[in-house]
2 protein chains.
Amino acid sequence: MTTTRGYHHGDLRRALLEAAVQAIGESGPAALSLRDLARRAGVSHAAPAHHFGDKAGLLTALAVEGFDLLAAALDRADGDLLAAGVAYVRFAVGHRAHFEVMFSPGLYHGDDPAVLAARSRAWAPLRSGIAALPGGSERDALAAWSIVHGFATLWLAGALPPGIDPDPEVAARSVIRRLFEPGE
Amino acid sequence: MTTTRGYHHGDLRRALLEAAVQAIGESGPAALSLRDLARRAGVSHAAPAHHFGDKAGLLTALAVEGFDLLAAALDRADGDLLAAGVAYVRFAVGHRAHFEVMFSPGLYHGDDPAVLAARSRAWAPLRSGIAALPGGSERDALAAWSIVHGFATLWLAGALPPGIDPDPEVAARSVIRRLFEPGE
DNA sequence: CAGCATATCTTTCCACTGACAAGATGTCAG
DNA sequence: CTGACATCTTGTCAGTGGAAAGATATGCTG
């Protein structure tokens with residue numbers, strides 16, 4: 001909890017973003033209510049507007065934060081493509097609220113400069129990891145991104161058939177490896 | 001099904017579903033309004049409740065319709081996995097409204113029996129196509145589904161980097177092939 | 001320290017939404 | 001014709017997003 005130090009609230013912006021993550025985790029992005037966030041933060045229902053303009057503005061900030069977190073997680077894989085793929089899935093499962101918003105462009109201002117910049121920051125590590133691979137092509141990068149993104153999305157949607165390994169990282173590792181060793 | 005014919009409206013249920021597809025195509029599933037659908041269909045704001053109960057009920061019906069459409073499209077590939085993958089992407093792009101709802105489980109009653117049945121109908125063709133492949137495993141099915149679903153989702157989200165083939169089917173075919181011929 | 005400009009937050013208001021209840025209307029069986 | 005029923009309308013309520021205008025704390029300038 002942030003200290004009630006400094007301004008009226010302390011750091012309302014941060015508090016609202018954290019409340020949003022929690023609320024989305026409970027009921028999904030569609031059911032998000034600005035007034036509910038304001039209640040959670042202990043301020044009036046109009047306070048959020050000052051920081052984010054409107055609901056889409058708040059979700060835009062959340063998307064930027066998400067892309068930055070994702071970029072950091074992928075960077076930590078340090079060129080290891082399999083590790084990066086697993087990190088992608090780990091991020092999606094561990095930061096479900098961010099992830100769901102990030103890839104629901106109808107919810108926020110996708111053409112916001114901050115979003116565009118953060119998005120490309122997240123895309124860079126995967127791209128360079130592919131480029132470092134012998135014979136790595138644009139198509140390989142697209143295939144790698146598609147497979148991890150698809151797996152993560154299906155996992156979050158609960159659309160995967162039963163019988164999958166209950167640990168998303170284990171299941172993801174197996175699926176991603178399929179991209180490198182098709183035979184086995 | 002329950003398509004009663006020849007009442008006040010004619011077939012309000014159908015009209016509402018089609019209006020929903022159109023409205024979602026314009027503004028996304030989050031901005032969907034039952035009252036707007038009622039206006040589009042020329043009925044009062046409370047008429048939809050009688051057919052679908054509530055908003056989630058309407059989206060449940062839309063999801064079932066979507067899974068059935070998808071199952072039919074995949075069946076038409078007739079065991080050809082590459083064709084099925086392309087058909088998956090074609091469905092997602094061509095029936096964006098259905099697709100977005102289908103994989104947003106927070107929006108509808110995902111545990112509805114009709115949904116479960118339709119979902120497994122859609123999953124069956126891909127599964128059997130994999131099984132028919134020499135050495136086809138559960139992991140292969142998962143990888144195939146992940147890659148097409150991921151590509152379709154990223155395409156719809158507009159998250160793909162520039163420079164991709166503007167025709168989603170062409171780009172998808174190239175990516176999917178990566179699963180079969182990793183070398184080239 | 002004093003006074004002011006500004007960022008932050010509150011109060012008030014409006015149009016809209018989803019959901020419910022009760023009544024009206026068309027359709028069909030007998 | 002009549003009653004039963006599904007269909008649709010009207011009226012209502014709490015909750016929401018957003019705008020406008022006022023209140024208050026904070027930091028800056030002198």
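Order of the sequence lines sets the chain letters (A, B, ...), proteins ahead of strands, with each chain counted from 1. Hydrogens, waters and symmetry mates are skipped; everything else that's a heavy atom, side chains included, is used.
Within the 4.0 Å cut-off from OP1 or OP2 of dT17(C), at least one side-chain nitrogen or oxygen of R39(B) is found. For the pair S33(A) and dG17(D), the criterion of a side-chain N or O lying under 4.0 Å from OP1 or OP2 is met. S44(A) has no side-chain polar atom (N or O) that falls below the 4.0 Å cut-off from OP1 or OP2 of dT11(C). Of the side-chain N and O atoms in H50(A), none sit less than 4.0 angstrom from OP1 or OP2 of dC9(C).
Interatomic distance, CZ of R121(B) versus CG of L116(B), reported as 11.0 Å (0.5 Å rounding). Separation of atoms CD (E65(B)) and NE2 (H95(B)) is listed at 8.5 Å; rounding is to 0.5 Å.
Atom CZ of R35(A) is separated from atom C1' of dA19(D) by 12 Å (rounded to the nearest Å). In this structure, the NZ atom of K55(B) is 12 Å from the C1' atom of dC16(C), given to the nearest Å. What separates CG of L34(A) from P of dG15(D) is a distance of 16 Å, to the nearest Å. We find that CG of L37(B) is positioned 16 Å from C1' of dC8(D), with the value rounded to whole Å. Between the CZ atom of F52(A) and the P atom of dG18(D) there is a distance of 13 Å, given to the nearest Å. If you measure from atom CZ of R13(B) to atom P of dC8(D), you get 12 Å, rounded to the nearest angstrom. Between the CG atom of D11(B) and the P atom of dT7(D) there is a distance of 10 Å, rounded to whole Å. Atom NE2 in H51(A) sits roughly 16 Å away from atom C1' in dG18(D) (whole-Å rounding).
With dA20(D), dG17(D), dT16(D) as the choices, the nucleotide that has an atom nearest any side-chain atom of A46(A) turns out to be dA20(D).
Ring-centre distance between F103(B) and H98(B): not below the 6.0 Å cut-off.
The residue A47(B) sits close to a base: some heavy atom pair falls under 4.0 Å. Residue-level contact check: L32(B) touches the backbone only, with heavy atoms under 4.0 Å from sugar-phosphate atoms and none from bases.
Contact check for L154(B) versus L142(A): no side-chain heavy atoms found under the 4.5 Å cut-off.
You'll find a donor-acceptor pair under 3.5 Å spanning the side chain of H45(B) and the base of dG11(D), going by distance alone.
Here R96(A) does not pair with E26(A) in a salt bridge; the nearest charged N to carboxylate O distance is not below 4.0 Å.
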